[in-house]
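Just so it is clear: chains get the letters A, B, ... in the order the sequence lines come, proteins before strands, and each one is counted from 1.
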Protein chains: 2
Amino acid sequence: MEKQQTDKRTAIMQAAMELIAEQGLHGTPTSQIAQKAGIGVGTIYRYFKDKDELIGAIHEQVHGQFVETFIENYAPQQPVRENYLRIFTALIRLFIANPFEIKFIEQFYNSPYGVAKKRAQEVECEKPLFAFFNQGKDQQVIKDLPFEILLGLSLGPLIFLARDHLNGFVDLNDQTIAALVGANWDAIKR
Amino acid sequence: MEKQQTDKRTAIMQAAMELIAEQGLHGTPTSQIAQKAGIGVGTIYRYFKDKDELIGAIHEQVHGQFVETFIENYAPQQPVRENYLRIFTALIRLFIANPFEIKFIEQFYNSPYGVAKKRAQEVECEKPLFAFFNQGKDQQVIKDLPFEILLGLSLGPLIFLARDHLNGFVDLNDQTIAALVGANWDAIKR
DNA sequence: CGGTCCGGAGTGAACGCTCAGTCCGTTATA
DNA sequence: TATAACGGACTGAGCGTTCACTCCGGACCG
């Protein structure tokens with residue numbers, strides 16, 4: 001049954017992601033992952049070499065979702081401002097609709113080996129965003145700041161507030177999201 | 001020797017903060033803290049009931065530094081914009097001048113019991129900032145957004161970019177800091 | 001003043017426990 | 001029945017915490 005195999009693999013990843021999101025990388029033992037996934041501990045090691053590989057696989061999947069959301073919402077021929085508002089509205093919606101995913105990513109990047117992973121991948125994976133900001137700079141509608149600063153100005157508030165929203169410190173509805181993304185645009189527009 | 005007593009306590013806290021900043025809460029054993037502080041493992045427990053109390057003490061100290069920086073740079077009688085630029089420039093300078101402190105705080109708030117601590121303290125400790133943003137809203141120079149959103153727009157990019165700076169992904173010098181804080185102001189100003 | 005005693009800071013081997021990962025008996029499949 | 005998938009008791013490493021002990025500077029005798 002290849003179907004079952006995939007099912008178990010998915011179940012393990014889902015269980016691990018949810019537990020790590022709430023308890024942290026070091027706070028979730030494999031025994032707990034197995035219990036939540038409804039399988040035995042040993043089964044985890046039939047699908048993943050070790051815990052690191054499991055965590056890496058989850059990261060890759062979640063990261064893929066984020067990149068996909070960007071690509072789906074990017075229409076190069078449209079004005080930069082419209083693209084910006086659409087993309088980052090979609091992103092924060094994605095963040096708060098998938099609480100486990102975003103919390104997992106935070107745990108991942110705050111762990112020692114998350115930094116290493118980022119250093120290796122970043123250049124490659126953020127290329128589309130890089131190109132998008134350059135387009136805006138060329139058209140003189142976005143401030144002439146280094147890419148990383150523009151990224152920080154855009155992503156920083158989103159991540160900060162997505163976490164606050166998920167912790168119940170603030171309520172992000174359609175109205176506040178629109179205001180937030182609009183304010184973000186004010187920060188980077190010329 | 002009362003002097004020595006304080007010295008050891010400080011040495012333990014400093015060693016623990018630096019190690020936790022780089023290895024995470026669960027990644028730093030007490031044995032390593034003791035070694036770095038140049039003391040025996042047992043000595044830690046002469047000054048702190050357990051590891052949690054040690055971590056709590058470090059958090060309180062670092063948090064105090066941040067609040068202090070805000071208070072030192074807040075001049076209520078001056079224009080809101082000047083205050084904003086001065087305060088948040090000082091804050092990001094503090095962040096990147098104290099790499100261990102900011103990394104420790106991130107580790108702390110990403111741990112399960114950091115959230116609980118925040119929930120309990122936040123209302124109290126962010127009062128001065130709350131008042132400051134309200135002053136700006138009253139004078140109609142700051143957008144009429146919920147306090148938490150304004151906080152996210154201001155602190156989000158700072159934390160995001162401070163981390164990137166400390167990880168070597170971006171270089172924050174006087175010029176880029178000024179541009180960053182300026183862009184932040186554009187985000188929240190009316 | 002020399003010698004003894006003593007309180008408490010400091011220590012690290014040892015303990016109980018939890019973890020990631022293994023291994024082999026059991027179960028399901030074909 | 002043969003083969004592959006699975007489960008969970010088990011293992012050794014490593015953790016936070018403890019506690020019996022050492023050490024030393026000052027108090028107190030004779």
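At the heavy-atom level, I44(A) lies nowhere under 4.0 Å from the strands shown.
Within the structure, every pair that satisfies the side-chain hydrogen bond (donor to acceptor under 3.5 Å, both in side chains) test and touches residues 87-104 of chain A, not counting sequence neighbours, is listed here: R93(A)-D174(A). The salt bridge (Lys or Arg N to Asp or Glu O under 4.0 Å) pairs that include a residue from residues 61-72 of chain A number zero, where partners must be two or more places apart or lie in different chains.
Applying the ring pair (Phe, Tyr, Trp, His ring centres under 6.0 Å) test to F95(A) and every residue at least two apart in sequence or in another chain returns F66(A). Scored by the ring pair (Phe, Tyr, Trp, His ring centres under 6.0 Å) test, F133(A) finds F147(A) as partners (sequence neighbours excluded).
Phosphate contact (OP1/OP2 of dG10(C), side-chain N/O of K8(B), threshold under 4.0 Å): present. One finds no side-chain N or O of Y45(A) lying less than 4.0 angstrom from the OP1 or OP2 phosphate oxygen of dC6(D).
A distance-only check finds a donor-acceptor pair linking the side chain of K143(B) to the backbone of A187(B) [under 3.5 Å]. Side chain of N167(A) to main chain of F169(A): no donor-acceptor pair is present (N/O by atom type, distance under 3.5 Å, no hydrogens or angles).
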Can you give me the N/O atom pairs linking the protein to nucleotides 23-25 of chain C at distances under 3.5 Å, or say none if there are none?
none

Short N/O separations, protein against nucleotides 22-24 of chain D, under 3.5 angstrom:
none

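Between R46(A) atom CZ and dG8(D) atom P there is a gap of 15 Å when expressed in whole angstrom units. Atom CD of Q23(B) and atom P of dG14(D) are 14 Å apart (whole Å). The separation between Q35(A) atom CD and dC6(D) atom P is 19 Å, rounded to whole Å.
Among the nucleotides dT17(D), dT11(C), dC19(C), the one closest to any side-chain atom of P29(A) is dC19(C).
Under the 30°/60° scheme for interplanar angles, the aromatic rings of H59(A) and H63(A) are found to be tilted.
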